[in-house]
Amino acid sequence: MIREMQAAIFDLDGVIVDTAKYHYLAWKRLAYALGFDFTERDNERLKGVSRQHSLEILLEIGQQSLNEEEKQTYAAMKNDWYVEYIQQLHTNEILPGVTDYIEKIRNRGVKTAIGSASKNTPLILERLGIRKMFDSVVDGNKVSKAKPDPEVFLRAAAEIKVIPQACVVFEDAEAGIEAALRAGMGAVGIGRPASLIEADAVIEGIWQLLIL
Ligand code: BG6
Ligand code: MG
């Protein structure tokens, strides 16, 4: 990855803020309501995946089948629980180094954007008071094709008027890394190298970029 970063596009859940645990709690509660267990290991399969697709995976794990109307009802139920949990979201759940790093690159003239699958992105940014740190926010309310489709990142790049080749995406999900690469962008994985093998580089968290 040899490129001058003119824009940094951040995934939200698991990169900017530690919301993965709340998604997990809500999906686990739904699994219980449907009569089966859902482990943290199962939850790995839902990272970066849209709400509807996550429900499909959950049902596959529990070997259940529902009709379309029931799926809508259960997806809404999960979201109500999730929204209830994130009402309590606190700024100390912003992941280490995130605000310092974003401030640092913005001072250097790098544009910043969010590229997330979550339809709850506006609520989360508002609760954390960090909306103004991003020139553009593209989320699940604005795109029709979920990651690994590159739509979310391409739209973010278009909104901030930076060519894809000058954008670097920060992502914790495999589907997001694939989306970034398909968009022609650099891809920095956040997490364990073993699960993000396609990424150009993998770090444990944004905080590491402050000490490099
Ligand atoms: C992604 C999360 O960012 O957003 C997934 O990693 C989640 O776990 C997806 O399912 C959709 O989020 P929401 O808030 O629209 O249900
Ligand atoms: Mg994520």
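Atoms within each ligand, like the ligands themselves, are counted from 1 in listed order.
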**Item:** Lys21, NZ atom: more than 12 neighbouring heavy atoms under 6.0 Å
**Value:** yes
**Message:** Does Ile197 have more than 12 heavy atoms from other residues, nucleotides or ligands lying within 6.0 Å of its CD1?
**Reply:** no
Please confirm whether the backbone N or O of [Y] pairs with a side-chain atom of [X], one donor and one acceptor, at under 3.5 Å?
X	Y	value
Asn107	Glu103	yes
Ser136	Ala113	no
Tyr101	Gln208	no

**Request:** Would you mind checking which non-hydrogen protein atom is closest to atom 11 (C) of ligand 1, with the distance to 0.1 Å?
**Result:** Ser118 CA, 3.8 Å
**Request:** Identify, for atom 6 (O) of ligand 1, the protein heavy atom at the shortest distance, and state residue, atom and that distance.
**Result:** Gly48 N, 2.8 Å
**Prompt:** Mind checking whether Tyr82 and His23 have parallel, tilted or perpendicular rings, split at 30° and 60°?
**Reply:** parallel
Quick one: look at [X] and ligand 1, take heavy-atom pairs under 4.0 Å, and tell me if it's side chain, backbone, both or neither.
X	result
Val49	backbone
Ser54	side chain
Lys119	both

For [X], atoms of ligand 1 separated by under 4.0 Å from a heavy atom:
X	result
Asn120	13 (P), 14 (O)
Asp13	1 (C), 2 (C), 3 (O), 4 (O), 6 (O)
Leu46	5 (C), 8 (O)
His23	7 (C), 8 (O), 12 (O), 14 (O)
Arg51	11 (C), 13 (P), 15 (O), 16 (O)

**Request:** Provide the atom name of the closest N, O or S atom of Asp13 relative to the Mg ion (ligand 2).
**Result:** O
**Asked** Quick check: does Glu171 have an N/O/S atom under 2.8 Å of the Mg ion (ligand 2)?
**Response** no
Ionic contact status for [Y] with [X], cut-off 4.0 Å:
X	Y	answer
Arg45	Glu60	yes
Arg182	Glu178	yes
Lys28	Glu40	no

**Message:** To 10 degrees, how wide is the angle OD2 (Asp11) to the Mg ion (ligand 2) to OD1 (Asp172)?
**Reply:** 90°
